[in-house]
Number of protein chains: 2
Amino acid sequence: MNYELLLKQNNLKITPQRLGILQLMHEAGHISIEELFASIKKQFSSISLATLYKNINAMLETSLIKEVKAPEVKARYEISKTPHAHLVCHVCGEFKDIHFDVVHVAHTIADTSGYTINDTSLIVSGTCPKCQ
Amino acid sequence: MNYELLLKQNNLKITPQRLGILQLMHEAGHISIEELFASIKKQFSSISLATLYKNINAMLETSLIKEVKAPEVKARYEISKTPHAHLVCHVCGEFKDIHFDVVHVAHTIADTSGYTINDTSLIVSGTCPKCQ
DNA sequence: TAGTTAGATGATAATAATTTTCTTTTAAGT
DNA sequence: ACTTAAAAGAAAATTATTATCATCTAACTA
């Protein structure tokens, strides 16, 4: 994945810290602020938490990344992809993407409600097969 | 709505503060901590924010109430009802219930994923007809 | 390729959000 | 009424997030 291009397309300067953040986010799939901070410190031992927050906010504003807010648990961040849903195991805490047609759901709801939809968040929580 | 019964069924003591919180939550439909605190102080001028948090947490634990976490905005709380979805207008901030069959969605996902589902959160954000 | 500049970083302080602690009070069962 | 476990309220403590500011660097230009 070309993170430099991704930043450039979003009018964000390319910095080693940002590349590191995106790399970690990509590897983890879905990562919380604290996990991200713990990991990024291995590469940039003096990185500031403020820098992390500022970058997360900058990338959220341009929609380069997305915030996933599931009930009960801390927010996690992912690189924006085609719309999809999430599955969370409340035992092991793992997040998974699921290819569920959220766009279709959004259209249905738009039609009946008269709203102009620009985001659909579908998060299903339960126990994964391993944890049952 | 019988809040005393609701509390009793959840093994929570009936206190005037709790009745007030439930009343306000019911009237507002979906309410944030700060809104709730501002409103409840009109009835109980010396209520502590700690009391509010403790009660919210106690009621969440028994599932008497539910936390609705939408992207971009603060969490809101509602009295638990039959499963439904939410529509949020990011202009006026209003939350609305929508009668979308989230249980059916959960079943579909359970079947293909092998997860045991116990919660489904579907939140659609956009612009409401008034705000367009 | 050096010079310029807007924007990024990191340190720290400030603010906001939430939880803990502890003493006093009260709900609810004897 | 008496007892007791739990709740309320005040305050402090903790955690999360944002703001400030001096220094540094990415990226553009001559």
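Just so it is clear: chains get the letters A, B, ... in the order the sequence lines come, proteins before strands, and each one is counted from 1.
- Of the options Glu67(B), Glu94(B), Glu35(B), a salt bridge (Lys or Arg N to Asp or Glu O under 4.0 Å) to Arg76(B) is made by Glu35(B) and by none of the others.
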- Under the side chain to side chain contact (heavy atoms under 4.5 Å, CB included) rule, what do Val105(A) and Val105(B) come out as? Steps first, then yes or no, please. CA-CA 10 Å; Val105(A) 171; Val105(B) 170; 5.5 Å; no

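- For the pair Val103(A) and Thr120(A), the minimum side-chain heavy-atom distance is 4.5 Å or more.
- Here Thr51(B) lies in heavy-atom contact (under 4.0 Å) with a base.
- Two residues, Thr15(B) and Lys54(B), neighbour DNA chain C, and the one matched to the more 5' nucleotide by heavy-atom proximity is Lys54(B).
- Using a 30° and 60° split on the angle between ring planes, His86(B) and His30(B) fall in the perpendicular class, above 60°.
- A donor-acceptor contact shorter than 3.5 Å links the side chain of Ser80(B) to the backbone of Leu64(B).
- Residue Lys8(A) is out of contact with every strand shown, counting any heavy-atom pair closer than 4.0 Å.
- Around atom CD of Glu72(A), no more than 12 heavy atoms belonging to other residues, nucleotides or ligands sit under 6.0 Å away.
- Put simply, the side chain of Leu87(A) reaches to within 4.5 Å of the side chain of Tyr115(B), judged on heavy atoms.
- In terms of modelled atom types and a separation under 3.5 Å, the side chain of Gln132(A) and the main chain of Gly114(B) share a donor-acceptor contact.
- Taking for each of Leu12(A) and Leu12(B) the nucleotide of DNA chain C with the nearest heavy atom, the 5'-most of the two is the partner of Leu12(A).
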- Message: Before you tell me yes or no, could you show the steps for Leu36(B) and Ile33(B) under side chain to side chain contact (heavy atoms under 4.5 Å, CB included), namely the whole-Å CA-CA distance, both residues' side-chain angles and the distance that decides it to 0.1 Å?
- Response: CA-CA 5 Å; Leu36(B) 197 42; Ile33(B) 293 275; 5.6 Å; no

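- In summary, contact between chain A and DNA chain D, defined as any nucleotide atom under 4.0 Å from a heavy atom of the protein, begins and ends at dA16(D) to dA27(D) in the 5' to 3' direction.
- Base contact: Leu49(B) has a heavy atom under 4.0 Å from a base atom.
- Heavy-atom distances to DNA chain D give each of Asn11(B) and Ala50(B) a nearest nucleotide, and the one nearer the 5′ end belongs to Asn11(B).
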- Evaluation steps, side chain to side chain contact (heavy atoms under 4.5 Å, CB included), between Tyr3(A) and Ile14(A): CA-CA 9 Å; Tyr3(A) 305 121; Ile14(A) 296 161; over 6 Å; no

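- First and last contacts of DNA chain C with chain A, using any nucleotide atom under 4.0 Å from a protein heavy atom and ordered 5' to 3', fall at dA6(C) to dT12(C).
- Just one of Asp101(B), Leu122(B), Asp97(B) meets the side-chain contact (heavy atoms from CB on, under 4.5 Å) condition when paired with His84(B); it is Asp97(B).
- Remark: nothing in residues 30-41 of chain A comes within less than 4.0 Å of DNA chain D through any heavy atom.
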